[in-house]
Amino acid sequence: ASRRAGRRGGAAARRAQRGSSNVFSVFEQSQVQEFKEAFSCIDQNRDGIITKADLKETYWQLGKTNVSDDELEKMLKEGKGPINFTVFLTLFGEKLNGTDPEESILNAFKVFDPASTGTVNKDEFKQLLLTQADKFSPEEVEQMFAVTPIDVSGNIDYKSLCYIITHGDEKED
């Protein structure tokens with residue numbers, strides 16, 4: 001039994017490592033090191049988590065003494081939880097890679113969903129992707145549909161798709 005538990009623990013550790021290591025693959029090792037140094041400068045109390053007090057002290061050291069608590073709270077909320085180094089790196093990865101926030105992507109889909117059903121028709125959406133703006137190739141459309149939640153009626157659950165776009169495909173684990 002303990003061997004099985006050990007194997008399970010190892011598998012969980014590998015999954016956790018894979019899940020968090022994706023953000024590290026976005027940057028070169030030298031960039032990760034620079035972000036680590038920046039994180040260390042901001043983490044004033046060296047506890048591994050950036051807090052409001054850490055941010056306030058960092059701003060104070062930079063000469064900006066009038067930062068409101070609301071501004072600091074807004075910054076911290078971007079992390080959707082405690083901001084450790086991995087979260088810090090993820091936030092920069094999202095900003096630098098141009099991934100729009102989930103809410104922006106949802107709002108774009110809502111244009112194609114005037115009845116607010118939470119779905120768009122796959123065939124109509126495919127036609128738009130192939131013919132409008134930055135046109136997708138047929139291969140790109142098929143790649144996207146391979147991870148897209150589509151119901152039996154041929155409708156795309158765009159809320160789930162937005163989650164996949166911003167957080168990755170859950171099947172990768």
Side-chain angles (χ1 to χ4, degrees), residues 15-16 18-28 31-32 34-36 38-39 42-43 49-52 54-56 58-59 62 64 67-173:
R15 274 196 307 277
R18 251 195 336 259
S20 64
S21 66
N22 288 342
V23 70
F24 290 91
S25 66
V26 169
F27 300 105
E28 293 178 16
Q31 292 173 304
V32 171
E34 288 176 22
F35 281 118
K36 185 74 170 168
F39 181 87
I42 298 168
D43 182 19
I49 303 290
I50 294 177
T51 63
K52 185 164 50 171
D54 292 329
L55 289 174
K56 191 171 241 174
T58 301
Y59 272 110
L62 294 170
K64 187 169 182 182
V67 180
S68 73
D69 280 351
D70 287 343
E71 287 177 275
L72 298 173
E73 288 291 335
K74 185 177 177 186
M75 287 180 214
L76 291 172
K77 284 181 182 172
E78 285 189 48
K80 297 176 178 67
I83 300 179
N84 60 23
F85 181 64
T86 303
V87 172
F88 181 79
L89 199 59
T90 300
L91 290 169
F92 275 97
E94 289 171 356
K95 300 284 185 204
L96 295 173
N97 284 328
T99 302
D100 291 322
E102 195 168 348
E103 186 177 341
S104 297
I105 298 169
L106 275 174
N107 289 336
F109 272 105
K110 286 177 183 176
V111 170
F112 304 108
D113 182 23
S116 298
T117 62
T119 63
V120 292
N121 181 273
K122 174 190 172 192
D123 295 330
E124 292 173 15
F125 190 62
K126 180 178 183 176
Q127 191 59 33
L128 290 170
L129 291 173
L130 291 170
T131 62
Q132 304 296 315
D134 290 334
K135 297 176 180 121
F136 278 49
S137 71
E139 294 79 23
E140 290 170 324
V141 172
E142 291 310 312
Q143 285 175 353
M144 187 195 76
F145 283 161
V147 296
T148 302
I150 302 170
D151 66 19
V152 293
S153 302
N155 294 314
I156 296 171
D157 174 354
Y158 64 79
K159 291 177 185 173
S160 295
L161 179 58
C162 289
Y163 183 87
I164 291 168
I165 291 169
T166 57
H167 297 91
D169 183 10
E170 295 169 1
K171 293 178 216 161
E172 288 177 1
D173 290 78

Report yes if the side chains of F85 and V32 come closer than 4.5 Å at any heavy-atom pair, otherwise no.
-> yes

Side-chain contact test, heavy atoms from C-beta onward, threshold under 4.5 Å: evaluate it for Q127 versus D123 and give yes or no.
-> no

Is the ring centre of F35 less than 6.0 Å from the ring centre of F39?
-> no

Nearest non-hydrogen partners of [X] and [Y], listed with the distance:
X	Y	value
D54	I42	CB-O, 3.2 Å
I156	K122	CD1-CA, 3.9 Å
N155	N121	OD1-CA, 3.5 Å
V87	P82	CG2-O, 3.7 Å
V141	K126	CG1-CG, 3.7 Å
T119	D157	CG2-CA, 4.3 Å

How long is the span from the [atom1] atom in [X] to the [atom2] atom in [Y], to the nearest 0.5 Å?
X	Y	atom1	atom2	value
E71	K64	CD	NZ	5.5 Å
K77	K80	NZ	NZ	11.5 Å
K159	L106	NZ	CG	7.5 Å
L91	I83	CG	CD1	6.0 Å
L55	K52	CG	NZ	10.0 Å
Q143	S137	CD	OG	7.0 Å

Looking at residues at least two apart in the chain, or sitting in another chain, which of them share a side chain to side chain donor-acceptor pair (under 3.5 Å) with E28?
-> none

N107 and S104: side-chain donor and acceptor closer than 3.5 Å?
-> no

For residues 102-156, pull every pair meeting ring-ring contact (aromatic ring centres under 6.0 Å, His included), keeping only residues two or more places apart or in separate chains.
-> F109-F125, F109-Y158

D113 side-chain N/O to K110 backbone N/O, donor-acceptor pair under 3.5 Å = no

